[in-house]
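For reference, the structure is listed below as structure tokens.
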Amino acid sequence: MITPHTLNRALMILLMTVATLWLVIPFTMAILWSFVDPAAPWTPDHLLPPVMSAYRWEFMWENSLLKPALLNSYTLAPLAALVTFVIAMPTAFALGRYEFRGKEIAKIAALLPLVVPTFVTAIFFTSILYQIGLAQYRFSAILFAHTVLFLPYAIRIMSVSFEQVRQDHINAARDLGASAWAVFRVAYWPALKPGVLATLLIVFIKSVEEFAIAYIVGQPGFVTVPTLVYASLGQDFNRPNAAVLSLILAVPNVILMLFLERLLKSANPALSSGKG
Amino acid sequence: MLGLAAKDIVVRFGEVEALKSIDLDVPTGSFLTLLGPSGCGKTTLLNVISGFLKPTEGRVFIDAKDVTEMPPEQRDTALCFQSYALFPHLSVEENLVFGLRQQGMPPSERAERLRDVVQQLDLGAHLAKLPNQLSGGQQQRVSLGRALTVRPSVILFDEPLSNLDAKLRESVRHEIRSIQQKFGLTAVYVTHDQNEALAMSDKIFVLNEGQLEQAGTPEDLYHRPRTRFVADFVGSANVMQARVIAQPDASMWQVETPLGQLMVRSDTAPVADTVLIAWRAEAAVMGMGPANIVTTQVGRRSFEGAYTDLFFDADGETFRVQQTRTTLVAGDEMSFHILPDNIVFLSDTVSQVAS
């Protein structure tokens, strides 16, 4: 007997299984490959690598551009997150709190950059960078580019957050004599908090794993983790080395994503009180 | 003394005139209700009083002080919201003392105020809870408590009971009224519910399309409505057209109506030869009487519990009479009379009504 409930359950389990495999298989493969010892190659007749060692990890750490790449990526990403967030705020505030003519069009226009493939943006963006003379400052050029590129995410998330702020909470606080700061703390911040964290995390993750701009603008001297990964996939393809790099790229992101998921979940119920 | 006064308030939103020159006087310690259908401007007027909306023209006075230019933060008013607007992440206690904290009141005094309000509203068991752990009625009390702790000069209510179920609504209604009387609060209460308005108010302002239709005590409004709108909106009276045919004495008029010739006793003269008159459904007394006897056939019967509505048609219009207990059913013949005192002249001119 198939009831909607059992069907629901079955589909849920299926989804969970697919999603788990989606994550587990590539990660397991990457982990296994990163531990393959160069003395004994992992051939198809072996289910597991015949000899496992941390050699690749040590090798990549000592003999590649991993250290500067990590430094670049992990200073770029938080800065990009902060700058994007700050620049997105006024637009998001206007889209979330005010009614004006053409608002829906403005909303779509703010999202448009997402439609264009990053590589296309990257190529034209580089030419703009050259024209305004920013190209030689590679770090700031990439920071600038990332900010522009990820602005739509920040605007979108923050404008939804601003919509969540309830006017009656603002009015209640003001009516009881609250200062501007107190109004922000009691009426705005609880509704904005998840959005603020989500914006910062998403831009951070996007920036850490962004390749096209970092590659085109940064070539040849400036490396980030993704450009390093792609490089080792391209020129001298070495699966174990690429596995090490991709794990270094992916693991912090997955952890951040899980963290984000928890944040968004925990934030919602507190917003609902009363009706209307 | 006037706790609250508004003079010549006009509010325009672009082309739309939301309030058309409203005057309002609320004596200190009295309970005024703004009654009207949605879109009549009652909430706009409340926003003008609380300071969230600056009137296009006119002045607002609280305790004889002109507060027109004052933002809501500085006005000595406290508003109870329809949605309660409790801060969801603050405990009940923190919600209650929020206004006092903003004033920078010392903790000892704050605790005292809190204790008073908690005792008055019986919220002691809920202080540590978050608002969403409370029922609608409890949230409503916290909202009231939050407004009471600051002891405002004027307390404002924006349809505070519309989210409660019918039974609770009635008990909270009495509670609000008794607290208002106990503390001697000057209150302005906005509602579209005529029962609420009649039961709670010292004085009712009926608003329609941004204009004052009539102001008066609940009894006044109910028994002596001045316009068709008031007669209909407050307790749906029977309204019909009448032509004055004679005036037997100074306060008595004889009129021709769809129900035949009726006698009307009124201290004010009708505004024209052809006017509207109104009478309450429960003013019909079954059986013979000294005057105004109507004999007709029951068209439809609707049992409402405490009373029964009997509808009948005359001259193409439907009228309603109300009886507490009746055995009459559809098709029966009935005779009733209406005392001349219970019929009132309305001030709308008939041409206005026709348009």
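Please read these numbers as outputs of a predicted model, since none were measured by experiment. So you know, we letter chains A, B, ... as the sequences are listed, proteins then strands, and number each from 1.
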Once you measure the plane-to-plane angle for A:Phe150 and A:His146, does it fall in the parallel (<30°), tilted (30-60°) or perpendicular (>60°) bin? tilted
Do B:Tyr189 and B:Leu32 come within less than 4.5 Å of each other through their side chains, counting heavy atoms only? no
Between B:Arg146 and B:Phe87, is NZ or CZ placed under 6.0 angstrom from the six-membered ring centre and within 45° of the ring axis? yes
Residue B:Leu79 versus chain A: region with a heavy atom under 4.5 Å: both
So do the side chains of B:Val10 and B:Glu17 get within less than 4.5 Å of each other, counting heavy atoms only? yes
Chain A contact via B:Leu90 - which portion, at a heavy-atom distance below 4.5 Å: side chain
With a 4.5 angstrom heavy-atom cut-off, which part of A:Ala187 approaches chain B: side chain, backbone, both or neither? neither
